[in-house]
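Note sheet for the following structure.
Quick caveat, the model's predicted, so the values are computed rather than measured. First the proteins, then the strands, lettered A, B, ... as listed; each starts at 1.
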Amino acid sequence: MAMEDPDRKTEVVLLACGSFNPITNMHLRLFELAKDYFHETGKYKVIKGIISPVGDAYQKKGLISANHRVTMAKLATKNSDWVEVDDWESCQSEWLETLKVLRYHHQKLLSADVTNSLQHTVPITKLGRKRKQEPNRHEPVKKKNQSPVVKSVPQVKLLCGSDMLESFGVPNLWKLEDITEIVEKHGLVCISRAGNNVQKFIYESDILWRHKNNIHLVEEWITNDISSTKIRRALRRGQSIRYLVPDVVRAYIEKNRLYSPESEDRNAGVVLAPFQKHASDPKSSQALSN
Amino acid sequence: MRSRIPVILLACGSFNPTTNMHMRLFELARDHLHQTVEDTYIPKFPGSYQVIEGIMSPVSDSYGKKGLVSARHRVAMAKLALETSDWIRVDPWESKQDTWTETVKVLRHHYNEALRAFESKKEFTRNKHPTKSSTGDSLSCQQPVLPELKLLCGADFLQSFKTPSLWKEEDIKEIVGNFGLVCISRVGSDPSQFIQESDLLSKFQHNIFLVREWIQNEVSATQIRSAVCRGLSVKYLIPDSVIAYIAQHNIYTAESERRSEGHLLQPLRLQNTTINRLRD
């Protein structure tokens with residue numbers, strides 16, 4: 001067994017789940033902030049960002065077709081060299097718990113990693129030899145010419161804003177066991193505004209507190225409140241959304257006339273999928289804080 | 001049929017660099033003016049506007065603000081930022097002046113330019129249709145309406161009117177009286193009270209348009225520069241083309257941030273000189 005390189009950084013993949021209805025500059029900023037944060041720690045290296053728009057079966061009010069939401073996200077990330085869109089979740093006919101999406105991407109990385117290791121195996125070199133320092137920290141890790149190691153798989157971490165973290169407390173929205181596995185086995189990266197309540201929220205939950213080392217809190221100093229809800233509202237009122245979303249997204253919305261009072265009424269009165277699913281599940285009624 | 005009043009929006013500032021927020025101010029102002037309704041209290045203002053142009057006017061290097069990089073770069077970055085806009089442009093006139101120019105003078109300059117363009121357009125129209133009079137029956141030959149030039153600013157600019165010796169009262173009167181302000185304020189701040197408390201400003205309140213920015217996007221240029229210096233990402237806060245330009249020319253560094261450190265801003269320096277002269 002080869003020795004572990006003490007200088008090796010843990011590879012991280014950031015996964016953002018959400019409606020992206022539509023995607024905004026704020027969503028894209030989350031990735032940039034998280035990446036900078038991890039690099040500043042000196043212990044992690046972010047190798048990929050994944051945007052996973054939720055499926056239509058989520059049945060959120062105002063949610064337009066996944067096709068459009070995926071397309072807009074793809075347009076928005078066209079000129080990013082590390083953030084991409086994955087439509088697996090959006091293609092599922094039923095709504096999927098976030099944990100399942102995390103597991104899927106983790107599994108995907110595992111299989112990809114095995115394939116890579118097999119492709120790049122080289123004769124054994126001196127043990128304990130240091131890996132060459134990469135001058136540009138933004139470059140992906142080069143796998144060739146390294147001593148063959150049972151390399152640790154990149155960690156998939158859930159990237160979110162404080163609203164998602166705090167939604168853990170909404171009854172019947174999340175399963176307690178899911179939250180536990182998310183923070184225990186994967187990890188959370190939560191971007192929030194200065195002066196937020198996130199730390200208090202974590203403090204008040206035994207489960208979150210126990211795994212607080214795996215909950216990375218990143219402060220966003222540049223106030224950026226570009227929510228999709230506000231974008232849709234502006235569009236209904238004929239107001240400009242320029243410079244709040246990527247211009248290609250704005251053009252796409254305009255061309256396809258995506259958001260209107262009618263589209264906003266979609267799923268009105270319909271119960272959100274997670275509530276429907278968990279209503280019959282006794283486990284869900286467990287409180288997050290003890 | 002009543003014509004809408006054409007409006008040109010002028011924003012003065014450092015634009016060091018131009019950010020998404022700067023450009024948002026123009027969009028917000030335009031939306032607001034297009035949605036104004038007739039003001040029944042002041043019948044002489046129909047209240048219906050058509051924003052025809054936006055002008056970004058970067059301040060000259062002699063402003064003396066800490067961290068201000070060369071106007072050449074700031075104008076170039078503004079141009080890149082505005083590439084995708086079909087109505088906002090950058091005008092380098094102010095940045096090319098040898099000395100710092102008072103805001104009211106910049107307004108006067110751009111108004112004169114607009115007037116000149118207006119006059120030549122009127123002349124052109126008249127030459128094209130020499131037989132039709134201004135009270136003619138053809139809709140295609142409506143007498144063009146004189147454009148108005150308004151200063152686009154944030155609430156802090158409005159509040160700066162009360163800083164002692166920063167402004168001359170006659171200049172404030174000219175800015176709000178002859179031209180007008182479109183003032184964008186963020187959630188939580190309400191400049192209308194400030195206006196009420198000033199006799200001068202309340203006299204011209206019909207010419208001060210207050211626009212509330214509900215979608216907070218406070219991308220300060222200072223924070224951008226600081227992030228760039230630290231090697232942090234500013235993607236999605238300023239246009240990609242501006243990011244590339246900054247990287248290519250290595251504009252913002254610890255050294256550039258120290259420029260003019262400890263110096264007094266030019267307008268304050270001028271005021272101090274005046275005060276000293278009065279004391280003699």
**OP:** Evaluate the criterion side-chain contact (heavy atoms from CB on, under 4.5 Å) for residue pair A/Tyr243 and B/Ser85; output intermediate values, then yes/no.
**Re:** CA-CA 10 Å; A/Tyr243 314 116; B/Ser85 178; 3.7 Å; yes

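- When each of B/Glu218, B/Met23, B/Met21 is scored by its heavy-atom pairs under 4.5 Å with chain A, the top score falls to B/Met23.
- Contacts between A/Leu33 and chain B at a heavy-atom distance below 4.5 Å are absent for every atom of the residue.
- Annotation: the span from A/Lys230 atom NZ to B/Gln216 atom CD amounts to 6.5 Å, rounded to 0.5 Å.
- Here the CG-CD distance, from A/Asp247 to B/Glu83, works out to 11.5 Å after rounding to the nearest 0.5 Å.
- Counted within 6.0 Å of NZ on A/Lys212, heavy atoms from surrounding residues, nucleotides or ligands total more than 12; the atom is thus considered enclosed.
- Counting heavy atoms of neighbouring residues, nucleotides and ligands inside a 6.0 Å radius, atom CD of A/Gln199 does not exceed 12 of them.
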**OP:** Dump the intermediate steps for side-chain contact (heavy atoms from CB on, under 4.5 Å) on A/Glu40 and B/Arg230, then the final yes or no.
**Re:** CA-CA 10 Å; A/Glu40 298 273 287; B/Arg230 295 174 189 181; over 6 Å; no

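- With rounding to the nearest 0.5 Å, the separation of CG in A/Leu30 from OH in B/Tyr236 is 11.0 Å.
- Side-chain contact check for B/Leu237 versus A/Arg29: some heavy-atom pair is nearer than 4.5 Å.
- The side-chain heavy atoms of B/Ile215 and A/Leu244, taken from C-beta on, include a pair separated by under 4.5 Å.
- Atom CD of B/Gln35 and atom CZ of A/Arg237 lie 9.5 Å apart (nearest 0.5 Å).
- In this structure, the side chain of B/Asp31 does not engage the main chain of A/Gln239 through any donor-acceptor pair within 3.5 Å.
- Proximity of a side-chain donor or acceptor of B/Gln223 to a complementary backbone N or O of A/Trp221 within less than 3.5 Å is detected.
- If you measure heavy-atom distances from A/Arg233 to chain B, you find no contacts under 4.5 Å at all.
- In A/Lys43, the NZ atom is not crowded: 12 or fewer heavy atoms of neighbouring residues, nucleotides or ligands sit closer than 6.0 Å.
- Rounded to the nearest 0.5 angstrom, B/Arg30 CZ and A/Arg242 CZ are separated by 7.5 Å.
- With rounding to the nearest 0.5 Å, the separation of CG in A/Asp225 from CZ in B/Arg186 is 12.5 Å.
- Between chain B and the residues A/Asn224, A/Thr223, A/Asn25, A/Asn79, the largest count of heavy-atom pairs under 4.5 Å involves A/Thr223.
- Heavy-atom contacts from other residues, nucleotides or ligands closer than 6.0 Å to NZ of B/Lys66 number more than 12.
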